[in-house]
Protein chains: 2
Amino acid sequence: MNSLTEENYLKALFNLAIENGEVSVNELSKHLQIKMPTVTSMMKKLAEKKLVSYESYKPLRLTEKGRREAALVIRKHRLTEMFLVEKMGFGWEQVHEIAEQIEHIHSPEFFEKMDELLGFPRFDPHGSPIPDKTGKMEWLHYSKLSDCKIGDTVRLAAVTHTSEDFLKFLNARELKLGLKIKIKTIESFDGSMLVSYGKHSSEHLSGLVCERLLVEKE
Amino acid sequence: MNSLTEENYLKALFNLAIENGEVSVNELSKHLQIKMPTVTSMMKKLAEKKLVSYESYKPLRLTEKGRREAALVIRKHRLTEMFLVEKMGFGWEQVHEIAEQIEHIHSPEFFEKMDELLGFPRFDPHGSPIPDKTGKMEWLHYSKLSDCKIGDTVRLAAVTHTSEDFLKFLNARELKLGLKIKIKTIESFDGSMLVSYGKHSSEHLSGLVCERLLVEKE
DNA sequence: TATTTGTATTAGTTTAATCTAACAAATATA
DNA sequence: TATATTTGTTAGATTAAACTAATACAAATA
Ligand SMILES: [Mn+2]
Ligand SMILES: [Mn+2]
Ligand SMILES: [Mn+2]
Ligand SMILES: [Mn+2]
């Protein structure tokens, strides 16, 4: 059984490896805010447990076993976030920190029950897919809002950042998942947009915000 | 902030000190299944934090601060058990182990929300009182079933043991909190009883079982 | 009271997870 | 290519929480 610490390393490796499957010690160190020598020694330990393939000076890579165990921690995290929002009445901006702790509870029954009570949801409150019990996760064909063109009408499908500040910012503008958004203008020099959605006929979104919103083109 | 380990020591001290407020290193060591030298050194640490009053070779005693912090951990434990039973559909025999982990989550909002959704319950699924937010806990005037007399009619109010085995044993006999129980006979040599309750007109309960059932006399 | 038994402490070791300082390898730059 | 910078590793220290072995104290018993 993996410790809380090991689970956090696995999760970080999984999330950082989305693109090419490779992660550097440096990246991981920065992401976890843990110094490089500590990361190196944990990688040796996880390699010992066959969760990571590690060779000196080579990029890190989760093994199949490591990928599965990481996905199962992420499953617990996302089910928890969904439960907190759907069954306990928390806002989507409040749940990440709590889930960060509950994801380490060791009790298959507990998460099974959550899953069941939620009706086996496929996405968490921020639009991220929930891995299944075998650790498989379907990756979706979303685009960043910042990559869309003037005139496009898109549906807000997910957010890539889950900090309380950012989500409160979206709350204040009534930007929720599922909303239809129309792009009116794009400022090419800073990537900011003027968009309309719901009752909001003209909202200005900075380039940074547009980068963090994932949309589905209709 | 107290670590998970410290929280477990505080809780154990609180539970063992119910009678006279004093606990020996030996008792605590046995209860936690941790060797005495480890307990001694943790007591010094908790004394440093003003949670325990410790002098060599003297009995251990929680300070007022220690008592309050212990009660707040127990509050988290019992609210969790209640939530698992009432809101998630677990049986009372399944919840202790999960609560043993969730009691260490650091999030006032999470437990506030549970409390609220449960309608501010005063007892957990095993009949134990839930301390309030300030750490106060009302202790009730229950008797052991084993201390009752032939002919007494009592209401099952709480159980003093929460192991899965014991609670499954009670489930099998449909013994639930709130039931009215009538004592038909008592075997003086082993303390076992013949009782009737609900649809059960004549059930035999061993002395051990009778010791673990707390009842309210009518 | 002297001795035995049980309880508690001290001293020193272990493991997990972190750190800093020093050094080595790989990569980027001049 | 030579040098500088960035990245990664090694060595050694630290802290929390556990352990064992040895020793000291306290309580019970002879
Ligand atoms: Mn999250
Ligand atoms: Mn976490
Ligand atoms: Mn319990
Ligand atoms: Mn616990």
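It should be emphasised that the depicted structure is a prediction, and the values quoted were computed from it without experimental measurement. Worth knowing before you read on, the calculation uses all heavy atoms, side chains too, and leaves out hydrogens, waters and symmetry mates. Just so we're on the same page: letters track the sequence lines, and every chain starts at 1.
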TODO: For A:Asn26 and C:dA24, give me the distance from atom CG to atom P, rounded to whole Å.
DONE: 20 Å
TODO: Starting from the 5' end of DNA chain C, give me the residue, B:Ser56 or A:Ile34, whose nearest nucleotide shows up first.
DONE: B:Ser56
Task: Nearest-Å distance for atom pair CE/C1', residues B:Met43 and C:dT7 - done: 16 Å
Task: Among C:dT9, D:dT7, C:dC19, the one nearest A:Lys30 by side-chain distance - done: D:dT7
Open item on the list: If you only use heavy atoms from C-beta on, which nucleotide in C:dT20, D:dT9, D:dC19 is closest to the side chain of A:Thr40?
Closed with: D:dT9
Open item on the list: Counting only Watson-Crick pairs (N1-N3 plus N6-O4 or O6-N4) and G-U wobbles (N1-O2, O6-N3), all under 3.5 Å, who is the partner of D:dA30?
Closed with: C:dT1
Open item on the list: Using the side-chain heavy atoms of B:Pro37, tell me which of these nucleotides is nearest: D:dT9, D:dA21, C:dA8.
Closed with: D:dA21
TODO: Please test A:Trp92 against A:Asp124 for side chain to side chain donor-acceptor pair (under 3.5 Å), starting from the C-alpha separation and ending with a verdict.
DONE: CA-CA 9 Å; A:Trp92 70 342; A:Asp124 82 6; over 6 Å; no
TODO: Could you check which of D:dA18, C:dT7, C:dC19 has an atom nearest any side-chain atom of B:Met36?
DONE: C:dT7
- [ ] Report yes or no: does A:Gln101 contribute a side-chain atom to a donor-acceptor pair with the main-chain N or O of B:His106 at less than 3.5 Å?
- [x] yes
Task: Atom-pair distance (NZ on A:Lys35; C1' on D:dT10), nearest Å - done: 18 Å
Open item on the list: Using a 4.0 Å heavy-atom cut-off, does A:Ser29 contact any base of the nucleic acid, only the sugar-phosphate backbone, or nothing at all?
Closed with: nothing
- [ ] Rounded to the nearest angstrom, tell me the gap between atom CD in A:Glu55 and atom P in D:dT9.
- [x] 11 Å
- [ ] Take atom CG of B:Leu32 and atom C1' of D:dA18, then tell me their distance rounded to the nearest Å.
- [x] 12 Å
- [ ] Could you tell me whether the phosphate oxygens of D:dA18, OP1 or OP2, come under 4.0 Å of any side-chain nitrogen or oxygen in B:Tyr9?
- [x] yes
Task: Side chain of B:Thr5 (C-beta onward), nearest among C:dA8, D:dC19, D:dA18 - done: D:dA18
- [ ] Check the distance between D:dG8's C1' and A:Leu60's CG and give it to me in whole angstrom.
- [x] 10 Å
TODO: Between C:dT7, D:dA18, C:dA8, spot the one nearest the side chain of B:Met42, thanks.
DONE: D:dA18
- [ ] Quick one: label A:Ser41 by what it contacts on the DNA or RNA (base, sugar-phosphate, nothing), any heavy atom closer than 4.0 Å.
- [x] base
Open item on the list: Whole angstroms only, please: what is the CG-C1' distance between B:Leu28 and C:dT9?
Closed with: 15 Å
Open item on the list: Here's one to test your reading of the geometry: is the NZ or CZ of A:Arg212 within 45 degrees of the ring axis of A:Phe166 and under 6.0 Å from its centre?
Closed with: yes
Task: Short side-chain to backbone donor-acceptor contact, B:Lys76 and B:Ile105, under 3.5 Å - done: yes
- [ ] Tell me which nucleotide among C:dT9, D:dA18, D:dG8 gets nearest to the side chain of B:Thr38.
- [x] D:dA18
- [ ] Indicate whether the side chain of A:Glu100 and that of A:His96 have a donor and an acceptor atom separated by less than 3.5 Å.
- [x] yes
TODO: Could you work out which one of D:dG8, C:dT9, C:dC19 sits closest to the side chain of B:Tyr57?
DONE: C:dT9
Open item on the list: With a 3.5 Å distance limit and no angle check, can you tell me whether B:Ser192 reaches the backbone of B:Glu187 through a side-chain donor-acceptor pair?
Closed with: no
Open item on the list: Under 4.0 Å, counting only non-hydrogen atoms across every strand here, what does B:Lys44 touch: a base, just sugar-phosphate, or nothing?
Closed with: sugar-phosphate
Task: Value in whole Å for how far the C1' atom of C:dC19 lies from CD of A:Gln33 - done: 15 Å
